[in-house]
Amino acid sequence: FLFGSMDETQVRLILTTFAIGVYSLTGFAALSWKNKRFAGIGYVGSTASILAMAMSMRFVWDSHWTWKEGDIKFTIILNIIAFAAAYSSLLLRAFEEHPAVAKLVYGTITCVSIASFMLIFWILNEFETSELYGRLMASLAVLGVMGGIAVPIVKKLVSMNQESKMPEQK
């Protein structure tokens with residue numbers, strides 16, 4: 001296996017293992033909410049993960065099936081939804097009632113959601129959009145990533161600030 005060539009079945013097994021790993025992670029992350037009011041995002045994400053894995057398995061194992069443009073677009077859109085829901089669910093796990101953390105979490109999820117919808121629209125629109133549309137979509141995606149980086153930092157700073165204001169206990 002490590003030395004030599006791989007046959008078709010070995011490649012399919014590796015792709016299957018990879019797909020199961022990726023979609024298990026996105027499905028699990030999407031369902032990792034800690035507050036019932038965010039459960040809808042988890043259900044959407046896990047459903048998208050299951051459907052995307054099914055489409056991927058169809059691609060890997062059905063050698064007589066040919067991909068149609070609609071199937072490819074559908075699979076890509078399912079992947080976008082699965083990733084966005086998983087990312088949003090993980091951000092919601094960091095949610096706190098402190099206004100700074102809450103605003104940052106909701107703002108980041110808003111950026112991720114809008115960028116995801118823009119990406120889906122771009123795919124459905126045959127990849128034909130203006131340069132401004134692409135720049136706006138990329139900017140929102142970057143803000144989503146930066147928000148994901150900033151949430152734990154702000155959460156830690158807020159908790160440190162609250163601890164320093166607490167009177168010492170003896």
Side-chain angles (χ1 to χ4, degrees), residues 1-2 6 8-63 65 67 70-124 137-160:
F1 175 76
L2 291 178
M6 294 185 358
E8 188 176 333
T9 304
Q10 289 172 324
V11 171
R12 287 180 178 185
L13 287 171
I14 289 171
L15 289 173
T16 299
T17 303
F18 178 75
I20 289 172
V22 167
Y23 297 120
S24 295
L25 288 173
T26 58
F28 177 72
L31 289 173
S32 69
W33 37 267
K34 65 179 180 180
N35 191 327
K36 293 278 187 193
R37 68 181 176 175
F38 305 127
I41 294 172
Y43 295 134
V44 168
S46 63
T47 302
S49 294
I50 291 167
L51 291 173
M53 187 176 80
M55 291 297 287
S56 298
M57 292 300 96
R58 184 177 172 192
F59 168 70
V60 169
W61 288 99
D62 192 356
S63 58
W65 179 68
W67 280 85
D71 294 330
I72 294 170
K73 286 181 179 182
F74 182 64
T75 304
I76 293 170
I77 289 169
L78 286 172
N79 280 291
I80 293 167
I81 293 169
F83 176 78
Y87 191 71
S88 297
S89 288
L90 291 176
L91 284 169
L92 287 169
R93 288 191 56 76
F95 181 81
E96 284 185 2
E97 295 301 324
H98 191 279
V101 177
K103 288 177 183 176
L104 184 58
V105 167
Y106 286 143
T108 303
I109 290 172
T110 301
C111 289
V112 168
S113 299
I114 293 170
S116 297
F117 285 122
M118 289 178 77
L119 188 56
I120 290 168
F121 177 77
W122 183 58
I123 291 167
L124 293 175
M137 183 174 55
S139 297
L140 288 167
V142 168
L143 286 173
V145 170
M146 295 306 291
I149 293 169
V151 165
I153 295 169
V154 170
K155 190 174 176 180
K156 181 68 174 177
L157 291 173
V158 165
S159 69
M160 287 172 41

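All residue numbers refer to positions in the sequence shown, counting from 1. Heavy-atom basis, side chains included; hydrogens, waters and symmetry copies ignored.
With contacts defined as side-chain heavy-atom distances shorter than 4.5 Å, the pair I81/I120 qualifies. Looking only at side-chain heavy atoms (C-beta outward), L31 and S89 stay at 4.5 Å or farther from each other.
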- Query: Hey, mind stepping through W61 and T16 against side chain to side chain contact (heavy atoms under 4.5 Å, CB included) and telling me if it holds?
  - Reply: CA-CA 9 Å; W61 288 99; T16 299; 2.7 Å; yes
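For the salt bridge (charged side-chain N to carboxylate O under 4.0 Å, His left out) condition, the pairs that include at least one residue of residues 12-31, sequence neighbours left out, are E8-R12.
A pairwise comparison of heavy atoms in Y87 and V145 identifies OH-CA, 3.5 Å as the closest pair. When all heavy atoms of A115 and A141 are compared, the pair lying nearest together is CB-N, 3.9 Å. When all heavy atoms of T108 and G147 are compared, the pair lying nearest together is OG1-CA, 3.2 Å. Looking at every heavy atom in both residues, A94 comes nearest to V151 through CB-CG1, 3.5 Å. Minimum interatomic distance between S56 and A19 (heavy atoms only, all atoms of both residues): CB-CB, 4.5 Å. Closest of all the heavy-atom pairs between V154 and A100 is CG1-CB, 4.2 Å.
The CZ atom of R58 sits 5.0 Å away from atom CG of D71, with the distance rounded to the nearest 0.5 Å. In this structure, OH on Y23 lies 14.5 Å from OG on S46, to the nearest 0.5 angstrom. Summarising the geometry, atom CD1 belonging to I109 is positioned 10.0 Å from atom CG belonging to L104; distances are rounded to the nearest 0.5 Å. With values rounded to the nearest 0.5 angstrom, I41 atom CD1 is found 5.0 Å from L92 atom CG. The line from OG of S113 to CE of M118 is 13.0 Å long, rounded to the nearest 0.5 Å. Rounded to the nearest 0.5 angstrom, I123 CD1 and F74 CZ are separated by 12.5 Å.
More than 12 heavy atoms of other residues, nucleotides or ligands lie within 6.0 Å of NZ in K73, so this atom counts as buried by the packing criterion. Within 6.0 Å of atom CZ in F18, 12 or fewer heavy atoms from other residues, nucleotides or ligands are found, so the atom counts as exposed in its surroundings.
In this structure, S159 contributes its side chain and K156 its backbone to a donor-acceptor pair below 3.5 Å. Between the S32 side chain and the A29 main chain, a donor and an acceptor come within less than 3.5 Å of each other.
Each of L124, L140, I114, I80 was scored for a side-chain contact (heavy atoms from CB on, under 4.5 Å) with L119, with one residue passing: I80.
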